[in-house]
Amino acid sequence: MIDIVIFGAPGAGKGTQAKLLAEKYDFLHISTGDLLRQEVELGTPMGQRAQAIMNRGDLVGDDIVVPLLDRALQKRSTAPNPDSLIDPWDRERHGAPHRPEGSIIDGFPRTVSQAQTLEFMFRKLQRRIDLVVAIDVPRDELVRRIHERAAISGRADDTEEVIRHRLDLYDEQTKPVLDYYRVSGLLMTVDGSEQIADTNYRIGLAIEARMK
Ligand code: AMP
């Protein structure tokens, strides 16, 4: 069991890499951006409050993001029923929940305060973060990629002005999280400026080294 945070600026490829890694290693992928977009789509009270903030490219308040993440982590931590009469090898066939080999958290933490909250949430679950992978991509390349994504995704927060704002916010509020994890010895930085497969290979090596 391994718990990983994938970290990087908007456009660094966190979501893409997290999905590939989740498939390859059978991890649960938890993306706070996806959780929020889901709430927006469902029109829940949380989603209604988050929508305008996300469209502006601002950070949604911890009072919304933290409970969403907490719920996703709790699901992941539900222990299998020890009294189950079903042979463990047969669980899948009987529809028992599939147990992933670990989790990969994408989009959280985005502030030092969120990093502290995450640590607290994991401690409550008697787990800890094993590895933080930071995908490093130069700013020019980030802007180019987000423009490319905007043409396909239709995301309201992928417009020119909002992109610049999101990158500025990353520099001001999110980048300091790197130092937080550097000090705790959990940080592994990976060059993400090349092809998706190259970055994926490098992250895979970091994960496998940590899994040993
Ligand atoms: P993402 O899909 O990770 O790019 O996130 C899209 C948007 O969701 C961000 O620009 C924020 O508005 C919001 N968001 C996602 N994760 C967080 C977080 N950890 N804290 C605050 N806002 C977040």
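Just so you know, these numbers come straight off a predicted model, no measurement behind them. We count ligands from 1, going down the list as the structure has it; atoms in each ligand are counted the same way.
Atom 11 (C) of ligand 1 has Asp58 O, 3.5 Å as its closest protein atom, hydrogens excluded (heavy atom only). What sits closest to atom 10 (O) of ligand 1 on the protein, heavy atoms only, is Arg166 NE, 3.8 Å. Nearest protein heavy-atom neighbour of atom 20 (N) of ligand 1: Gln114 NE2, 3.0 Å. Here the heavy atom of the protein found nearest to atom 8 (O) of ligand 1 is Met54 CE, 3.4 Å. Atom 5 (O) of ligand 1 has as its closest protein heavy atom Arg110 NH2, 3.5 Å.
For the pair Leu35/Ile30, a side-chain contact is recorded, criterion being any heavy-atom separation below 4.5 Å from C-beta on.
Note on Ile6: it does not cluster hydrophobically with Ile196, by side-chain heavy-atom contacts below 4.5 Å among ILVMFWY residues.
Only the side chain of Leu36 comes within contact range of ligand 1, with a heavy atom under 4.0 Å; no backbone atom does. Residue contacts with ligand 1, taken as heavy atom pairs separated by less than 4.0 Å, involve Val60 via backbone and side-chain atoms alike. Under 4.0 Å from ligand 1, not a single heavy atom of Thr111 appears.
Residue Ser31 has no N or O atom closer than 3.5 Å to an N or O atom of ligand 1. Any N or O atom pair closer than 3.5 Å counts here, and Lys14 shares no such pair with ligand 1. Close N/O approach between Gly107 and ligand 1 is found [any backbone or side-chain N/O within under 3.5 Å].
Of all atoms in ligand 1, numbered sequentially from 1 with element shown, those under 4.0 Å from a heavy atom of Thr32 are 15 (C), 16 (N), 17 (C), 19 (N). Of all atoms in ligand 1, listed by their number and element, those nearer than 4.0 Å to a heavy atom of Val65 are 18 (C), 19 (N), 20 (N), 21 (C).
A side-chain donor-acceptor contact under 3.5 Å links Thr199 to the backbone of Gln195.
Shown here are the salt bridge (charged side-chain N to carboxylate O under 4.0 Å, His left out) partners of Lys124, two or more places apart in sequence or in another chain: there are none.
In summary, Arg110 and Asp62 do not engage in a salt bridge, as defined by a charged side-chain N under 4.0 Å from a carboxylate O. Using a 4.0 Å cut-off between charged side-chain N and carboxylate O, Arg210 and Asp130 make no salt bridge. With respect to the salt-bridge test (charged N to carboxylate O, under 4.0 angstrom), the residues Glu148 and Arg145 do not qualify.
Residue contact check for ligand 1: Arg37 places a non-hydrogen atom closer than 4.0 Å to it.
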Exercise. Dump the intermediate steps for side chain to side chain contact (heavy atoms under 4.5 Å, CB included) on Ile53 and Leu59, then the final yes or no.
Key: CA-CA 7 Å; Ile53 303 170; Leu59 293 185; 6.0 Å; no

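Within a 6.0 Å sphere centred on CG of Leu205, heavy atoms belonging to other residues, nucleotides or ligands number more than 12.
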